[in-house]
Engineer: 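Structure below; questions to follow.
Bear in mind the structure is a predicted one, so any value in this text is a computation, not a measurement.
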Amino acid sequence: TGLPCETIEDAKKCGAALLKKMGGKGYVLVTLGKDGCLVVPADGDALHVPIPQGFLLQKEEVVDSSGAGDSFIGALSFFLARGLSLEEGSRRACG
């Protein structure tokens, strides 16, 4: 989008801009690293889904984040295929 995306509020704006480019239909998922993810639907308010309490046990230096987004989307797809809502599937995929 060319927009800054450093805060959750920035991510909401980026998600809304992407939705507009996609014709205003569907939703956008934005992964936020240690801050969980953001679900930005075309027909409602953005939902911030934090990582569940207790999952961030200690601070580690990230060496390689390859596959992190793929893992999130794979988990979310699994939960959606099992019939969970987008909100609940996102919560579980973040954990």
Engineer: I need the E6 CD to L32 CG distance, nearest 0.5 Å.
Structural biologist: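 One gets 12.5 Å once the value is rounded to the nearest 0.5 Å.
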
Engineer: Report the C-alpha distance between E87 and V39 in whole Å, list the side-chain angles of each, state the deciding distance to 0.1 Å, and finish with yes or no for side chain to side chain contact (heavy atoms under 4.5 Å, CB included).
Structural biologist: CA-CA 8 Å; E87 180 178 345; V39 179; over 6 Å; no

Engineer: Taking the side chain as every heavy atom from C-beta outward, state whether I73 and T31 have any atom pair closer than 4.5 Å.
Structural biologist: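 Not touching, per the 4.5 Å side-chain cut-off.
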
Engineer: Could you pull out the closest heavy-atom pair between C37 and C94, with the gap in Å?
Structural biologist: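 It is SG-SG, 3.3 Å.
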
Engineer: Output all residues satisfying side chain to side chain contact (heavy atoms under 4.5 Å, CB included) with F79, sequence neighbours left out; order by chain, then residue number.
Structural biologist: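 Expected list: A75, L84, R92.
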
Engineer: What's the shortest heavy-atom distance between V40 and A46, and which atoms?
Structural biologist: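 Reported closest heavy-atom pair: CG2-CB, 4.1 Å.
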
Engineer: Return the CG to CZ distance between L86 and R91, rounded to the nearest 0.5 Å.
Structural biologist: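 The distance works out to 10.5 Å.
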
Engineer: NE2 of H48 to CD1 of I8: how many Å apart, nearest 0.5 Å?
Structural biologist: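 So the gap between those two atoms works out to 3.5 Å.
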
Engineer: Could you state the interatomic distance from CD (E88) to CG (L76), rounded to the nearest 0.5 Å?
Structural biologist: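 CG of L76 is found 11.0 Å from CD of E88.
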
Engineer: Rounded to the nearest 0.5 Å, what separates atom NZ in K21 from atom CG in L19?
Structural biologist: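 With rounding to 0.5 Å, NZ (K21) is 12.0 Å from CG (L19).
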
Engineer: Nearest 0.5 Å, please: how far is CG in L29 from CG in L38?
Structural biologist: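 Between atom CG of L38 and atom CG of L29 there are 8.5 Å.
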
Engineer: Testing the basics here: between F72 and S90, what is the closest heavy-atom pair and its distance to 0.1 Å?
Structural biologist: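 Scanning both residues completely, I find the closest heavy atoms to be CE1-O, 4.2 Å.
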
Engineer: Using side-chain heavy atoms (C-beta onward) and a distance below 4.5 Å, is V30 in contact with C14?
Structural biologist: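 No. Closest side-chain heavy atoms not under 4.5 Å.
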
Engineer: Flag yes if M22 and Y27 sit in one hydrophobic cluster, no otherwise; membership is Ile, Leu, Val, Met, Phe, Trp, Tyr, and two members link when side-chain heavy atoms are under 4.5 Å apart.
Structural biologist: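 Result: no, two separate clusters.
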
